[in-house]
2 protein chains.
Amino acid sequence: MDHVDNILKQWQQERPDLDVVPMGTIGRVKRLNHTLMRAMEKTWAKYGLTDASFDVLATLRREGAPYALSPGDLMASTMVTSGTMTHRINQLEKAGLIERVKNPTDGRGFLISLSPPGFDLIDDAVTAHVETQAQLVSGLTEEQQEQLDALLKQFLAGFEQE
Amino acid sequence: MDHVDNILKQWQQERPDLDVVPMGTIGRVKRLNHTLMRAMEKTWAKYGLTDASFDVLATLRREGAPYALSPGDLMASTMVTSGTMTHRINQLEKAGLIERVKNPTDGRGFLISLSPPGFDLIDDAVTAHVETQAQLVSGLTEEQQEQLDALLKQFLAGFEQE
DNA sequence: TGGACATACCTTGATATCAAGATATTTGCC
DNA sequence: GGCAAATATCTTGATATCAAGGTATGTCCA
């Protein structure tokens, strides 16, 4: 009987006409996401990073050499709007972790590339981040982790192509 | 091979020293949460509500008569900080959907109660909301929904008592 | 080849959130 | 009863986000 079960029980008493089973699952996804984000933020903070800045730097790092993408590519990868991405890029540029370069093949745009300090920082931060994540999933057995992953993947598949 | 799989593949090539399996699962939770929230926001918007305002009104509604809780209870239930809750309450009070009443048994605090228009609005909105949620989970079979729910519940259980 | 449409990014304005600290009240202990 | 500590809520200041719209450049077709 966890927090979400209590919510469902309340609804059943107040609104027995509603089928609240999906609410339980979606509520758990929301709550789990919240909890995981809060935990991971602590690790990012040790490197002076946030969800947003880690996200951008990690996206550039894992891309491989020459560690550069357009703002539009970054937006698609991180699911944020253009205004948000402009803001993130400005902050990271000010911190010297990325550089804006005119896109040589498209005069409308830029390429965002990791600076050498940005590369070093994200390489250290992601090592710690992966350790934190391993900790976070350790409450489930390996088999449960695999099952959960497979179910999440199928759940997401229903949305990604649309 | 979904979006998250691509991310993991990139990391494997760039940083083969890292075990990125947990990153996949956690990444899917984040992405799924984002997608589900965006979808549910559309329903809330039809009633002039947001995630935040729906959350508060629904918490009061499911509590049952007399539909009143303290800001502190609301904070605990919704996982936001006190500043955020004060702001939410101010907005809802301005909209006439809730009322602030001096707590008769504790002079430091208030009780937040649903106004009659607030009650009517949330009762309609939650009906539509539950329909939206049923739609959102319909990509999984009933059995998969149950499995997912059980795994999420156990995952969360590792955090809730701490 | 030139004009209409599409695209890429930035700017603006409104809102939501958090962390930290302020204020008022209650509780508990002597 | 009275003072210290705990508690409940609000205030403040900094940031992040989004939606909508602006500007410059590229693309495509008649």
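Below, chain A is the first sequence line, B the second, and so on; all start at residue 1. Being a predicted model, the structure only gives us computed values, none of them experimental.
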Nearest to the side chain of B/Q91, which nucleotide is it out of C/dA16, C/dA20, C/dA19?
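Of the candidates, C/dA16 comes closest.
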
Write down the distance between [atom1] ([X]) and [atom2] ([N]), rounded to a whole number of angstrom.
X      : N      : atom1 : atom2 : value
B/M75  : D/dC10 : CE    : P     : 10 Å
B/F54  : C/dA16 : CZ    : P     : 16 Å
B/F110 : D/dA8  : CZ    : P     : 14 Å
B/H87  : D/dA14 : NE2   : P     : 17 Å
B/L92  : D/dC10 : CG    : P     : 13 Å
B/R88  : D/dC10 : CZ    : P     : 14 Å

Classify A/S70 by what it touches in the nucleic acid, base, sugar-phosphate, or nothing, heavy-atom distance under 4.0 Å.
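Sugar-phosphate contact only - A/S70 comes under 4.0 Å of backbone atoms but never of a base.
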
Has the side chain of B/T84 got a donor or acceptor atom sitting under 3.5 Å from an opposite partner on the base of C/dC18?
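A donor-acceptor contact between them is absent.
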
If each of B/G109 and B/G83 is mapped to the nucleotide of DNA chain C with the nearest heavy atom, which maps nearer the 5' terminus, i.e. the 5' end?
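Upstream on the strand: B/G83.
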
Collect all protein-nucleotide pairs involving nucleotides 3-7 of chain C in which both atoms are nitrogen or oxygen and the distance is under 3.5 Å.
from, atom 1, to, atom 2, distance (Å)
C/dT7, O4', A/R108, NH1, 3.3
C/dT7, O2, A/R108, NH1, 3.0

Given that A/T105 and B/M85 both sit by DNA chain D, which one's nearest nucleotide is further toward the 5' end?
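This one resolves to B/M85.
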
